Protein chains: 2
Amino acid sequence: MGRAMTKSTNDREPTSESVETVSIGSGTADDLKTRVSWLYYMESKTQDEIAQIVGSNRSKVLRILAQARADGTVQIRVTSRLSRCVELEAELKSRYGFETVIVVPTPQDPVDLPGIIGSELGAYLSQRIGPDMSIGLGWGRTLTSGIPAIEQRQPSGVSVISLLGGLTKVSRVNPSDFAWRAADRLAAECYMVAAPVFAPDAASREALMNHHGIAEVLDRARRLDLAVVSVGDLSPDSIFTRYGLLTHEEIISLERAGAIGDVLCRFIDSEGNVIDHPVNDRVLAVHPADLGGAREVILASGGWSKLTAIRAAIKLLEPKVLITDSVVAERIAVD
Amino acid sequence: MGRAMTKSTNDREPTSESVETVSIGSGTADDLKTRVSWLYYMESKTQDEIAQIVGSNRSKVLRILAQARADGTVQIRVTSRLSRCVELEAELKSRYGFETVIVVPTPQDPVDLPGIIGSELGAYLSQRIGPDMSIGLGWGRTLTSGIPAIEQRQPSGVSVISLLGGLTKVSRVNPSDFAWRAADRLAAECYMVAAPVFAPDAASREALMNHHGIAEVLDRARRLDLAVVSVGDLSPDSIFTRYGLLTHEEIISLERAGAIGDVLCRFIDSEGNVIDHPVNDRVLAVHPADLGGAREVILASGGWSKLTAIRAAIKLLEPKVLITDSVVAERIAVD
DNA sequence: TAGGAGTGTGCCGAAATGGGAAGAGCTATG
DNA sequence: CATAGCTCTTCCCATTTCGGCACACTCCTA
């Protein structure tokens, strides 16, 4: 046999009786996904058997299962923690005064990291968010990949506020969708900054900031219950270069000015100060300093390449919650 | 390929570099399980790769993974619900006034059912139990298999009270361990009835009931926050016959007296009344009627064979929470 | 009517599985 | 103290099952 799920030793014959139990009778459209996932993960049936039961073929079942894993319909969690990670969490808590620290083991392949930190974030948010909370959200791969891990729920007065403008160029996977998609999961109202993150120049930024809708959103952002932010670096595959938000020259110029990364698209130096640079004057986003009004700031970011930026962001934001990976945690713990 | 986990399209070579990331460095004893589970489910490595990394062989990795799934170290959940189940939940809520109803699809193989209902129960309890709560627990396969799904937590003043005596014959899998194992998960204090469920006769039962320790436990059971019970039937593979708690003659006699099942080892008729029978006078357990003092009674049980018993138990206990399967739910909904 | 998305089929190599056999470590017993 | 019995581990093998891929087909839309 070749399946990851346990199958008890007995081998009841499929007996080709496609008679369905009342329970798993066909329902509406995407019940199919639930049903297939259920049969596979809960009842440990093979994909072939499932194909028989739902009247389809393996390929489709396979596709559905892949999608189910991707969109969070099935969630796989390792509940126990590595002792080293637990140690690091304790160290960081006492050294920096964090209320909560979550340290995940750094994966061997760095591309997995945003996903892993993201799902940890999602799980944390799911149990942290209560009725009528207002939640401010940033951006980024880390945050985006946390969405599937946010548990779907009934409306309960939660509101989600996007802390930054969006992308103008709407790419297929728009990271600034994050707020909207998170709001969808939470059945929350969603307030978005209906403008690009980077205004053409400081003047138009000023104009937009005073715009009615935008001003309201930014105002809400000043009295948040939770603020979730990530940090960015200036590496070649940062969002800025990947989405063409900034030119190569601008990046260089920022580096010269001492920038080592960004928080909410505001570029900061290694001491956690927002640097003085023209690009920073064009940003349509809540200023990191304004997050002080939030009752709980959550910083979720990891990876060796972001170490300095994370260090700086901690100084700047003084978050209550930190979610990161063990490599970063090890280094920060000995600072 | 033959694995249940998605593997992204790229195939980075294993490169035989057994160099470990700092993060996943070796730790204490059962870190191994965590580590293996992590590598498998989070980093989508093959069992071979993992064997290399942790310095072992496939077989062991395989076994560790199986154990990890069994003991809840890795949890796989299907988060979406079948629409039919949601409908049934709503119907039952309005018809019987339950506060919460959870209906799971009936599996094709009935042996899976206790496990499925159990994990749903475990998940519910995990999010329901708060600091300093006192929780009364019954017994049974359903309840036992819920343990892995109870999230491990830090001590917070929770106390667990066993609502029944134990088995004298200690078999390998003692279902009356349930309370103790649940307490372990919850880092809770555990109060057990240190006596067999069935006393030899009514007189010795009386004597035991007045015993200091036992009386205290039974007293605690009268002021519970949560009471979790299941129901039993009189089928040939009920606990009573399987563990030889009652003789065949006694079962027959109980049936003649109108018994259709039991709640906390008290036999009841189809109207939900505890019947008048010698066996019921020998039970060392909290009386179902005494559960009225609990702030929330949770009834978790399912399966066609238990339908009548569940009906009766609902009348008797009037629980606030019902966890069952769709076959039972369908029937109860049209009562 | 042409394109495109979604579906059904078949095939292949890689992975996973459950035993079975051989070896190591431990216990109980003479 | 030695040895037979037992369990647990490790190693190996035959089968099943997976996941991806290529391709033909259908149904819907532009």
Side-chain angles (χ1 to χ4, degrees), chain A residues 1-16 18 26 28-33 35-71 73-74 76 78 108-109 112 172-173, chain B residues 1-16 18 26 29-33 35-71 73-74 76 108-109 111-112 171-173:
Chain A
M1 298 184 44
R3 46 203 334 237
M5 308 318 315
T6 28
K7 174 137 182 151
S8 42
T9 39
N10 65 356
D11 257 42
R12 47 213 133 82
E13 285 284 297
T15 59
S16 78
S18 284
S26 52
T28 57
D30 82 336
D31 263 16
L32 182 61
K33 188 161 61 184
R35 226 174 129 204
V36 168
S37 306
W38 179 272
L39 288 165
Y40 190 76
Y41 288 103
M42 295 289 124
E43 300 196 36
S44 304
K45 303 220 168 295
T46 75
Q47 301 186 351
D48 266 318
E49 285 177 301
I50 297 172
Q52 295 259 327
I53 294 172
V54 303
S56 180
N57 55 44
R58 238 205 350 289
S59 296
K60 189 171 182 186
V61 170
L62 184 63
R63 280 174 215 151
I64 293 175
L65 285 172
Q67 203 210 330
R69 277 196 296 267
D71 72 8
T73 299
V74 307
I76 303 184
V78 178
Q108 299 190 323
D109 186 339
D112 293 338
R172 205 156 32 79
V173 282
Chain B
M1 300 186 39
R3 43 203 337 235
M5 307 320 314
T6 26
K7 176 135 181 155
S8 41
T9 38
N10 64 357
D11 255 41
R12 45 209 136 87
E13 286 284 295
T15 61
S16 78
S18 285
S26 51
D30 81 337
D31 263 17
L32 182 62
K33 188 161 61 185
R35 227 174 127 203
V36 168
S37 306
W38 181 272
L39 288 165
Y40 191 77
Y41 288 102
M42 295 289 126
E43 301 197 36
S44 304
K45 303 219 168 297
T46 74
Q47 300 186 355
D48 264 318
E49 285 176 301
I50 296 172
Q52 295 258 328
I53 294 172
V54 303
S56 179
N57 55 48
R58 252 199 322 296
S59 304
K60 191 169 182 185
V61 171
L62 181 60
R63 226 165 313 122
I64 292 175
L65 284 172
Q67 204 209 328
R69 279 195 296 265
D71 72 7
T73 298
V74 308
I76 303 184
Q108 297 189 325
D109 187 339
V111 302
D112 293 338
S171 72
R172 207 154 31 78
V173 283

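Chain identifiers are assigned alphabetically (A, B, ...) following the order of the sequence lines, protein sequences preceding nucleic acid strands; residue numbering begins at 1 within each chain. Please read these numbers as outputs of a predicted model, since none were measured by experiment.
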Atom of A:Ser37, atom of A:Val74 and distance for their closest heavy-atom approach: CB-CG1, 3.5 Å
Using a 4.0 Å heavy-atom cut-off across all strands, classify A:Asn57 as base, sugar-phosphate, or nothing. base
Answer whether the closest heavy-atom distance between the side chains of A:Leu32 and A:Lys60 falls below 4.5 Å. yes
Are A:Arg35 and A:Ile53 side-chain neighbours, meaning at least one heavy-atom pair lies under 4.5 Å? yes
Given [options], the nucleotide with the shortest approach to the side chain of [X]:
X	options	result
B:Ser59	C:dA16, C:dT7, D:dC11	D:dC11
A:Arg58	D:dG19, C:dA15, D:dT17	D:dG19
B:Thr46	C:dT7, C:dA16, D:dG19	C:dA16

Do any N or O atoms of the protein come closer than 3.5 Å to N or O atoms of nucleotides 23-26 of chain D, and which pairs are they?
none

Nearest whole angstrom, please: distance from the [atom2] of [N] to the [atom1] of [X].
X	N	atom1	atom2	value
A:Lys33	C:dG6	NZ	P	13 Å
A:Leu32	C:dG6	CG	P	14 Å
B:Lys45	C:dA16	NZ	C1'	17 Å
A:Ile64	C:dT7	CD1	C1'	11 Å
A:Leu65	D:dG19	CG	C1'	11 Å
B:Tyr41	C:dA16	OH	P	10 Å
A:Lys60	C:dG10	NZ	C1'	19 Å
B:Leu62	D:dC12	CG	P	16 Å

Find the distance between OG1 (A:Thr73) and CH2 (A:Trp38) and round it off to the nearest 0.5 Å. 13.5 Å
Give, for atom CZ of A:Arg69 and atom CD1 of B:Ile76, the distance between the pair rounded to the nearest 0.5 Å. 9.5 Å
Verify side-chain hydrogen bond (donor to acceptor under 3.5 Å, both in side chains) between A:Thr46 and A:Asp48, making sure each step is shown before the conclusion. CA-CA 5 Å; A:Thr46 75; A:Asp48 266 318; 5.1 Å; no
Does a side-chain N or O from A:Ser56 land closer than 4.0 Å to OP1 or OP2 of C:dG8, or not? yes
At less than 4.0 Å, is any side-chain N or O atom of A:Gln47 found next to OP1 or OP2 of D:dG19? Yes or no. yes
Donor-acceptor pair, B:Glu43 side chain versus A:Gln108 backbone, under 3.5 Å? yes
